[in-house]
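In what follows, chains carry the letters A, B, and so on, assigned in the order in which the sequence lines appear, proteins first and then strands, with residues in each chain numbered from 1.
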Amino acid sequence: MFPRLSRDFFARPTLTVARTVLGRRLVRLLDEPSAKGARISGIITEAEAYIGESDLGCHAHHGRTPRTAVMYGPPGHAYVYFTYGMHWMLNFVTETEGFPAAVLIRALQPVEGLEIIAARRKGRPQPEWTDGPGKICQALGIDGGLNGADLCATDAPLFVEAGDPVPDECVTIGPRVGLISVPEPWKSMPWRFRVEERITTERDGRTPQSTQR
DNA sequence: AGCACGATTAACT
DNA sequence: GTTAATCGTGCTC
């Protein structure tokens, strides 16, 4: 159990939050009676930045709407939205109130609540439990009910704990994923941060490559 | 009111 | 590699 990240962590430039959130632990406290107080958690291994109305890849590029209102609010809250008719996506609101920006959490390394995750990701191998933004929400039981939730409240059901910082040599930076029809330069801005998977003892001198999915 | 599309995933050829 | 699933959102008429 580590200290929870305070609002100061999120009230910084979005690129800084996206880079430094790697290695931290996302924690979901279950509130359902059948699993009262159970913890599901994982180390954050991939995140992307979405920055303001001028970023044509950001939902806020249409301005303030009912959907994007949370991004215009104070930092340290969850922006959870629904897409493709079936998937929920989790973001952390960043920067200052009034400026719409957020960090999309794209991948985790599962740590706690493995049995619950396995049940929710039934039949899939462990590497595929939380290696996508929709999968994370499925595994942790995150949906629209958590949109706007304060990650820094004392009784928060969803929050982030401190963890070991990830050194630069373990992080690859590249373009954000899935922005099919977003115009340049936004489509290619290197605003995706990912912890490179490697065997712990590996030392092969490979140049980290900018991966794509 | 109608329409095109999406910060994806899983299944299929 | 290709594509169906499935519906909220924001735009156009």
Side-chain angles (χ1 to χ4, degrees), chain A residues 10 13-19 21-22 26 42 44-73 75 77-95 99-110 117-149 151 158 160 171-195 197 210-213:
Chain A
F10 302 98
T14 307
L15 289 171
T16 303
V17 176
R19 169 62 182 84
V21 82
L22 300 179
L26 177 66
I44 296 171
T45 56
E46 187 179 342
E48 288 176 353
Y50 291 85
I51 314 174
E53 295 178 351
S54 61
D55 173 8
L56 296 189
C58 179
H59 289 161
H61 79 270
H62 286 302
R64 188 176 196 141
T65 66
R67 182 204 208 187
T68 61
V70 172
M71 270 200 286
Y72 286 80
H77 288 248
Y79 167 45
V80 182
Y81 69 88
F82 188 63
T83 191
Y84 290 104
M86 63 188 87
H87 299 299
W88 294 99
M89 305 280 145
L90 171 66
N91 299 253
F92 301 152
V93 176
T94 58
E95 310 217 16
F99 184 84
V103 168
L104 171 70
I105 306 305
R106 289 194 58 92
L108 299 179
Q109 175 189 317
I117 294 175
R120 289 177 171 167
R121 302 283 304 138
K122 201 170 176 71
R124 319 226 162 255
Q126 181 157 355
E128 295 174 19
W129 283 353
T130 52
D131 64 339
K135 300 178 188 180
I136 289 174
C137 291
Q138 211 177 308
L140 273 61
I142 295 167
D143 63 20
L146 285 171
N147 187 37
L151 305 169
L158 185 69
V160 186
V171 176
T172 53
I173 302 174
R176 295 172 292 181
V177 176
L179 306 189
I180 309 300
S181 57
V182 173
E184 299 291 0
W186 311 109
K187 186 181 200 165
S188 300
M189 294 305 261
W191 290 352
R192 175 193 190 208
F193 301 82
R194 187 167 190 248
V195 178
E197 302 169 30
S210 176
T211 56
Q212 52 188 358
R213 281 160 44 93

Visitor: Please tell me if A:K135 has a side-chain N or O lying less than 4.0 Å from either OP1 or OP2 of B:dA10.
Guide: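 Looking at the OP1 and OP2 atoms of B:dA10, one of them is under 4.0 Å from a side-chain N or O of A:K135.
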
Visitor: Could you measure between the two P atoms, the one in B:dA4 and the one in C:dA4, and give it in whole Å?
Guide: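 Between the two P atoms, the distance is 16 Å.
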
Visitor: What is the distance, rounded to the nearest whole Å, between atom CG of A:L104 and atom C1' of B:dG6?
Guide: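 Those two atoms, CG and C1', are 13 Å apart.
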
Visitor: Taking CD1 from A:I142 and P from B:dT8, how many angstroms apart are they, rounded to a whole number?
Guide: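 Taking atom P of B:dT8 as the reference, CD1 of A:I142 is at 16 Å.
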
Visitor: Just to be sure I understand: a Watson-Crick pair is purine N1 to pyrimidine N3 plus N6-O4 or O6-N4, both under 3.5 Å. Using that and G-U wobbles, which stems of three or more pairs involve DNA chain C?
Guide: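 So far as stems of 3 or more pairs are concerned, DNA chain C shows B:1-6 with C:7-12, B:8-12 with C:1-5.
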
Visitor: Could you tell me whether A:G178 contacts a base, only the sugar-phosphate backbone, or nothing, with contacts defined as non-hydrogen atoms closer than 4.0 Å?
Guide: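 Sugar-phosphate only.
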
Visitor: Let me spell it out: for each of A:S181 and A:R121, pick the nucleotide of DNA chain B with the closest heavy atom. Which residue's pick is nearer the 5' end?
Guide: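 Closest to the 5' end, via its nearest nucleotide, is A:S181.
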
Visitor: Closest-nucleotide mapping onto DNA chain B: is A:Q138 or A:A102 further toward the 5' terminus? I mean the 5' end.
Guide: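 The residue closer to the strand's 5' end, by nearest nucleotide, is A:A102.
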
Visitor: OH of A:Y50 versus P of B:dG6: gap in Å, rounded?
Guide: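 Rounded to whole Å, this separation is 13 Å.
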
Visitor: I'd like to know if A:R192 pairs up with A:E46 as an ion pair, taking the criterion as any Lys NZ or Arg NE/NH1/NH2 lying under 4.0 Å from an Asp or Glu carboxylate oxygen.
Guide: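 Salt bridge between A:R192 and A:E46, a charged N being under 4.0 Å from a carboxylate O: yes.
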
Visitor: Search all heavy atoms of A:T94 against all heavy atoms of A:P75 and return the closest pair with its distance.
Guide: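 Looking at all heavy atoms of both residues, the closest pair is C-CB, 4.0 Å.
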
Visitor: Got a salt bridge between A:R176 and A:D55, using NZ or NE/NH1/NH2 to carboxylate O under 4.0 Å?
Guide: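 Answer for the salt bridge query: yes.
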
Visitor: How close or far is atom P of B:dG6 from atom OH of A:Y81, stated in whole angstroms?
Guide: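 Spelled out: OH on A:Y81 to P on B:dG6 is 12 Å.
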
Visitor: For a side-chain contact (heavy atoms from CB on, under 4.5 Å) check, start with the C-alpha distance between A:H59 and A:Y79, then their side-chain angles and the critical distance, and finish with the verdict.
Guide: CA-CA 11 Å; A:H59 289 161; A:Y79 167 45; 2.8 Å; yes

Visitor: Name the orientation class of the two ring planes belonging to A:F10 and A:F92 (parallel below 30°, tilted from 30 to 60°, perpendicular beyond 60°).
Guide: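 It falls in the perpendicular class, over 60°.
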
Visitor: Would you measure the distance from the P atom in C:dT3 across to the matching atom in B:dC5 and give it in whole Å?
Guide: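 Per the computed distance, 16 Å lies between those P atoms.
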
Visitor: Please give, in whole Å, the distance from B:dT8 C1' to A:R106 CZ?
Guide: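 Rounded to whole Å, this separation is 8 Å.
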
Visitor: Is there a donor in the side chain of A:Q109 and an acceptor in the side chain of A:T45, or the other way round, less than 3.5 Å apart?
Guide: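 Absent: no donor and acceptor within the cut-off.
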
Visitor: Whole angstrom is fine here: how far is it from CG in A:D131 over to C1' in B:dA7?
Guide: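 Checked: the CG to C1' distance equals 16 Å.
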
Visitor: Treat primed atoms plus P, OP1 and OP2 as sugar-phosphate and everything else as base, then score nucleotides 5-10 of chain C 5' to 3': B for base contact with protein heavy atoms under 4.0 Å, S for sugar-phosphate contact only, - for none.
Guide: BBBSSS

Visitor: If you look at every heavy atom in A:L56 and A:H61, which pair is closest and at what distance?
Guide: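 Scanning both residues, the minimum pair turns out to be O-ND1, 3.7 Å.
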
Visitor: Within this structure, what is the CD1-to-P distance between A:I180 and C:dT3, rounded to whole angstrom?
Guide: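 Answer to the nearest Å: 14 Å.
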
Visitor: Hey, are the side chains of A:L90 and A:L104 touching, using non-hydrogen atoms and a 4.5 Å cut-off?
Guide: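 Side chain of A:L90 against side chain of A:L104, heavy atoms only: no contact under 4.5 Å found.
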
Visitor: Nearest heavy-atom pair of A:T130 and A:A139: which atoms, and what distance?
Guide: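 Heavy atoms of A:T130 and A:A139 come nearest at CG2-CB, 3.7 Å.
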
Visitor: Could you check how far CH2 of A:W88 sits from P of B:dG6, rounded to whole Å?
Guide: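 After rounding, the gap between these two atoms is 19 Å.
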
